[in-house]
Asks: 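Can you read through this structure? Questions will come right after.
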Protein chains: 2
Amino acid sequence: MDNLLKYIHSLTVFSEESWESLQPALSKKQFKKNDFLLHEGQICNSLFYIDSGYCKSYYEVDGAKKNTAFFFENDIATNISSFGSGEKSEYNIIACEPLTVVIFDKQQLFKAAKETAEIEALGRNCIRLFASKQEEFSTLFKLYSAQERLKYLEVNHPDMLQRVSLSQLASFLGVARETLSRIRKRRTLV
Amino acid sequence: MDNLLKYIHSLTVFSEESWESLQPALSKKQFKKNDFLLHEGQICNSLFYIDSGYCKSYYEVDGAKKNTAFFFENDIATNISSFGSGEKSEYNIIACEPLTVVIFDKQQLFKAAKETAEIEALGRNCIRLFASKQEEFSTLFKLYSAQERLKYLEVNHPDMLQRVSLSQLASFLGVARETLSRIRKRRTLV
DNA sequence: TTAATCCTGTGACGATCGTCACAAAATTAC
DNA sequence: GTAATTTTGTGACGATCGTCACAGGATTAA
């Protein structure tokens with residue numbers, strides 16, 4: 001839980017007592033590669049703090065898997081719509097490597113947040129960060145071409161390129177795998 | 001303020017006292033068409049509740065304006081990254097029509113939230129909705145072609161098509177104005 | 001009402017992308 | 001270590017898209 005505590009302190013003021021009050025909402029869990037953290041049709045009742053490894057969210061459209069996000073160490077993974085509204089998830093979250101997470105249980109978290117203002121503030125900050133990240137990647141598509149989007153990742157998220165395979169990345173960037181391969185070739189020649 | 005109060009009640013439990021405590025954070029403001037709610041380089045210290053009219057966010061890239069979001073009645077407009085982190089905004093928010101908003105002042109809001117748990121919860125819910133919306137439109141680009149994105153808006157946000165001009169919409173959908181014009185033509189013929 | 005400005009449609013053409021097909025390379029399983 | 005599987009590279013080709021150019025229609029300002 002060390003990483004999580006550091007993460008929390010980087011976000012907000014958090015006392016020893018708040019940390020104690022938060023404990024009932026927390027549980028550590030391991031996932032093997034290709035295990036589901038969240039399955040399409042399920043209701044998302046958790047925030048997943050990524051301790052080690054990484055996972056991704058993807059839609060299944062006409063049999064094809066389309067990646068919509070990757071979550072690495074110190075990220076929070078969740079379906080924010082389903083978590084907030086209680087409706088069924090339209091997509092999956094799956095481990096891409098052996099994965100260790102700390103699960104925030106929604107019901108317990110809300111209970112703790114009601115009693116402890118710092119926990120409520122923590123929840124708000126987690127969601128805010130999540131929203132910022134969504135906004136960042138949403139903007140990518142409106143501002144840049146496929147080639148420019150790749151460059152953006154190289155500059156701003158080089159870790160992602162290191163760990164995610166070309167095929168998986170292509171899906172995330174919204175282009176065919178062959179196209180990404182050719183973009184990469186074009187770029188290295190220039 | 002009637003619309004705002006209804007909006008708040010649709011999001012969360014909110015007592016008469018909480019509403020009173022919130023007042024110091026609120027102020028009503030009118031914008032003319034093409035007035036800036038937020039200018040690139042400014043720090044965003046407000047949440048803008050849209051009471052009537054609509055506005056948009058856009059980046060200025062190489063002299064070209066690229067729309068990234070539209071905000072209509074009962075939406076919250078803000079730069080969530082700048083609002084959260086205190087860093088300068090990289091984009092603009094501008095009124096597309098005569099606009100009436102209720103401004104949530106950040107400092108006053110945080111002060112009120114510290115003292116009133118329901119206000120803290122309201123803030124969290126506003127941000128959550130904002131995140132859900134970002135996620136929705138972010139996903140659009142990863143799952144669908146330009147033509148399918150247009151269809152999605154027709155089905156899920158017909159109001160947007162009614163009020164936003166073709167040129168403005170094209171920028172939001174990430175295609176050239178001419179392309180959107182041709183997509184529309186293709187579709188009406190089939 | 002008239003002029004100026006903005007918005008939309010359309011043709012031409014080159015650039016980019018998606019799809020299919022198959023081979024090579026890398027990874028995984030046994 | 002070998003076989004099976006997955007991932008990546010590449011050619012061909014048709015579809016879509018961006019850009020430039022210009023004309024007509026709609027809207028706005030005086």
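Any value given below was found using the heavy atoms of this structure, including those in side chains, with hydrogens, waters and symmetry copies removed. All chains are named by letter (A, B, ...) in the order of the sequence lines, taking the proteins before the strands, and each is independently numbered beginning at 1.
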Asks: What do you reckon, is CD of B:Gln23 surrounded by more than 12 foreign heavy atoms closer than 6.0 Å?
Replies: yes
Asks: For D:dT6, does either OP1 or OP2 sit under 4.0 Å from a side-chain N or O belonging to A:Ser165?
Replies: no
Asks: Regarding A:Arg163 and A:Glu97, does a basic nitrogen lie under 4.0 Å from an acidic carboxylate oxygen?
Replies: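 Result for this pair is yes, salt bridge flagged.
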Asks: Ignoring the backbone of A:Arg182, work out which of D:dG18, C:dT8, C:dG18 is nearest its side chain.
Replies: C:dG18
Asks: Taking the six-membered ring for Trp and the full ring for Phe, Tyr or His, determine whether the centres of A:Phe137 and A:Phe172 are under 6.0 Å apart.
Replies: yes
Asks: Any side-chain N or O of B:Lys185 less than 4.0 Å from the OP1 or OP2 oxygen of C:dT10?
Replies: yes
Asks: Please round to 10 degrees the angle between the axis of the first five pairs and the axis of the last five pairs in the helix from C:dT1-D:dA30 to C:dC30-D:dG1.
Replies: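 What I find for the helix from C:dT1-D:dA30 to C:dC30-D:dG1 is an axis angle of 70°.
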Asks: Partners of B:Glu178 by salt bridge (Lys or Arg N to Asp or Glu O under 4.0 Å), sequence neighbours excluded?
Replies: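 So B:Glu178 forms no salt bridge (Lys or Arg N to Asp or Glu O under 4.0 Å) with any residue.
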Asks: I'd like to know whether NZ of B:Lys65 has more than 12 heavy-atom contacts from other residues, nucleotides or ligands below 6.0 angstrom.
Replies: no
Asks: Looking at the side chain of A:Lys33, which of C:dT8, C:dT28, D:dC17 is the nearest nucleotide?
Replies: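 Nearest to the side chain of A:Lys33 among the choices is C:dT28.
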Asks: With the side chain of A:Arg184 defined as its heavy atoms from C-beta on, choose the nearest nucleotide among D:dT7, D:dG9, D:dT10.
Replies: D:dG9
Asks: Tell me whether the centres of the aromatic rings in A:Phe104 and A:Tyr49 are closer together than 6.0 Å.
Replies: no
Asks: Among D:dT19, C:dG18, D:dT8, find the nucleotide with the atom closest to the side chain of A:Thr179.
Replies: C:dG18
Asks: Report the residue (B:Arg177 or B:Leu180) whose heavy-atom-nearest nucleotide on DNA chain D is the more 5′ of the two.
Replies: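 Its nearest nucleotide being more 5', the pick is B:Leu180.
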Asks: Counting heavy atoms from C-beta on, name the nucleotide in D:dC17, C:dG9, D:dG9 closest to the side chain of B:Ala146.
Replies: D:dC17
